[in-house]
There are 2 protein chains.
Amino acid sequence: MHKMKNGCSSQEEQLQVRRLQISDYNKGFIQLLQQLSVCDSVSDEEFNARFQELSSHGDDHVIAVIEDDQTGKIIATGSVFVEKKFLRNCGKVGHIEDVVVDSNARGMKLGQKIIGFLTDHARSAGCYKVILDCSVENKGFYEKCGFKRKEIQMVMYFN
Amino acid sequence: MHKMKNGCSSQEEQLQVRRLQISDYNKGFIQLLQQLSVCDSVSDEEFNARFQELSSHGDDHVIAVIEDDQTGKIIATGSVFVEKKFLRNCGKVGHIEDVVVDSNARGMKLGQKIIGFLTDHARSAGCYKVILDCSVENKGFYEKCGFKRKEIQMVMYFN
């Protein structure tokens with residue numbers, strides 16, 4: 001505990017990244033996602049069904065979370081899934097999605113911890129690269145995490 | 001066959017999109033991908049293994065191809081995989097990847113056919129949107145296909 005000089009440090013050391021657990025439904029995981037995008041209502045049953053569906057992909061689809069030990073709430077999350085290609089000699093690409101840090105927990109580098117966990121996972125899964133889409137205003141954050149700007153994202157909404 | 005006035009049309013009518021088959025390895029599928037990116041060598045065994053791996057995802061990972069009936073060669077391809085989220089009330093997102101048309105088969109709207117097939121698939125799989133990354137120079141093509149520019153792509157290479 002050599003970092004105790006700074007008041008925040010002991011707390012930050014406790015804030016470790018782990019994989020999403022089924023019990024995180026009751027720790028505000030969905031409420032955290034609502035800070036990112038539309039996510040009105042996910043029932044316990046819907047959550048469990050989707051959790052099992054994603055779990056069946058094993059290491060090919062990983063959701064990372066940080067739980068605040070003090071409050072028992074999930075305060076940061078992000079996901080990565082591994083796409084298997086024929087390109088690049090049957091290479092693999094990691095896709096990072098749905099990264100969000102609770103608005104009350106900013107400034108503690110939790111976003112960087114989440115991204116580090118996800119990129120480490122993609123690397124160890126054998127991916128040759130990891131990609132993500134972000135707004136122009138978040139570009140600086142991802143550059144600090146070691147990313148570089150590449151292409152542009154196009155979207156078609158169905159509803 | 002009311003479109004026979006135009007010399008190209010009868011050929012275009014034959015050029016239908018279908019899913020990748022394991023026999024497409026011998027129809028130049030890998031050589032076509034080489035026009036898009038690095039794809040040095042994929043052996044018959046590697047192709048078969050990856051094909052089976054992707055097939056196990058069923059409708060969640062579809063590779064579309066167009067075969068030239070005259071030459072028996074694959075002249076266009078693109079893929080889409082369905083990501084399952086918690087966001088958007090356990091919504092799904094289609095990710096389009098690896099779209100390429102043979103350089104000798106441009107100008108026949110094969111790219112649009114491929115994109116139409118992939119977006120139709122994503123829609124029918126229940127996705128609320130479909131996304132892709134492209135270079136600025138290909139933006140106009142995707143706009144013609146019904147896409148709009150959204151965010152920016154960031155990348156981290158591991159090698």
Side-chain angles (χ1 to χ4, degrees), chain A residues 29-30 33-34 36-42 46-47 49-51 53-54 57 61 63 79 81 83-91 93-98 119 122-123 127-136 138-139 142-143 145-159, chain B residues 29-30 33-34 36-42 46-47 49-51 53-54 57 61 63 79 81 83-91 93-98 119 122-123 127-136 138-139 142-143 145-159:
Chain A
F29 175 68
I30 299 297
L33 287 180
Q34 287 168 349
L36 184 63
S37 180
V38 181
C39 194
D40 292 337
S41 59
V42 174
E46 287 167 328
F47 179 85
R50 176 60 33 108
F51 183 90
E53 225 172 344
L54 294 176
H57 294 300
H61 195 128
I63 299 178
S79 71
F81 60 88
E83 176 209 2
K84 289 165 185 168
K85 290 181 177 285
F86 287 104
L87 268 182
R88 294 267 178 169
N89 312 327
C90 291
V93 171
H95 293 254
I96 289 179
E97 294 276 336
D98 303 342
T119 54
R123 190 188 286 106
C127 294
Y128 69 88
K129 69 175 179 183
V130 63
I131 60 175
L132 59 87
D133 298 306
C134 71
S135 61
V136 171
N138 285 334
K139 178 171 168 276
Y142 287 108
E143 284 172 340
C145 294
F147 283 79
K148 288 187 178 162
R149 184 167 181 167
K150 183 90 187 284
E151 298 193 318
I152 59 173
Q153 185 207 28
M154 304 294 288
V155 64
M156 182 193 290
Y157 284 97
F158 292 137
N159 45 26
Chain B
F29 175 69
I30 298 296
L33 287 180
Q34 287 170 347
L36 184 64
S37 180
V38 181
C39 194
D40 292 337
S41 59
V42 175
E46 287 167 329
F47 179 85
R50 175 63 30 110
F51 183 90
E53 225 172 344
L54 295 176
H57 295 299
H61 195 128
I63 300 178
S79 72
F81 60 89
E83 177 209 0
K84 288 164 185 169
K85 289 180 178 285
F86 288 104
L87 269 182
R88 294 267 179 169
N89 313 325
C90 292
V93 171
H95 293 255
I96 290 179
E97 293 276 336
D98 304 340
T119 54
R123 191 188 285 107
C127 296
Y128 70 89
K129 69 175 179 182
V130 63
I131 61 176
L132 58 88
D133 298 306
C134 71
S135 61
V136 171
N138 285 333
K139 179 170 167 274
Y142 287 108
E143 284 173 339
C145 293
F147 284 78
K148 287 184 177 164
R149 183 168 182 166
K150 184 90 187 284
E151 298 194 315
I152 59 172
Q153 185 208 26
M154 305 294 288
V155 64
M156 182 193 288
Y157 283 96
F158 293 136
N159 45 22

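Only heavy atoms go into these numbers, but all of them, side chains included; no hydrogens, no water, no symmetry mates. Convention: sequence-line order gives letters A, B, ...; per-chain numbering from 1. Source: prediction; values computed, not measured.
- For the side chain to side chain donor-acceptor pair (under 3.5 Å) with B:Lys84, the lone residue among A:Glu53, A:His61, A:His57 that qualifies is A:Glu53.
- Residue contact with chain B, scored on non-hydrogen atoms closer than 4.5 Å, involves the side chain of A:Phe81 exclusively.
- Annotation: the span from B:His95 atom NE2 to B:Cys127 atom SG amounts to 8.5 Å, rounded to 0.5 Å.
- The choice from B:Val136, B:Val42, B:Val155, B:Leu132 that makes the most heavy-atom pairs within less than 4.5 Å of chain A is B:Val155.
- With a threshold of 4.5 angstrom between heavy atoms, B:Phe47 approaches chain A through its backbone and through its side chain.
- Between the CG atom in B:Leu87 and the CD atom in A:Gln34 there is a gap of 9.5 Å [rounded to 0.5 Å].
- Both the backbone and the side chain of B:Tyr157 come within contact range of chain A, with heavy atoms under 4.5 Å apart.
- Your options are B:Val93, B:Ile131, B:Leu36, and the one with the most heavy-atom pairs under 4.5 Å with chain A is B:Ile131.
- Interface check for chain B: of the options A:Ser37, A:Ser135, A:Cys134, the most heavy-atom pairs under 4.5 Å are formed by A:Cys134.
- At a 4.5 Å heavy-atom cutoff, the contact between B:Glu143 and chain A is made by backbone and side-chain atoms alike.
- Heavy atoms only, all atoms of each residue included: A:Ala122 and A:Gly94 are closest at CB-CA, 4.4 Å.
- The distance from the CE atom of B:Met156 to the NZ atom of A:Lys129 is 13.0 Å, given to the nearest 0.5 Å.
- Contact annotation for B:Cys145: only backbone heavy atoms (N, CA, C, O) come within less than 4.5 Å of a heavy atom of chain A.
- Scanning all heavy atoms of the two residues, the minimum distance from A:Tyr142 to B:Met154 falls at CB-CE, 4.1 Å.
- Ion pairing between A:Lys85 and B:Asp98 holds under the 4.0 Å rule for side-chain N and carboxylate O.
- Between chain B and the residues A:Leu54, A:Ile63, A:Ile96, the largest count of heavy-atom pairs under 4.5 Å involves A:Leu54.
- Contacts between A:Ala49 and chain B at a heavy-atom distance below 4.5 Å are absent for every atom of the residue.
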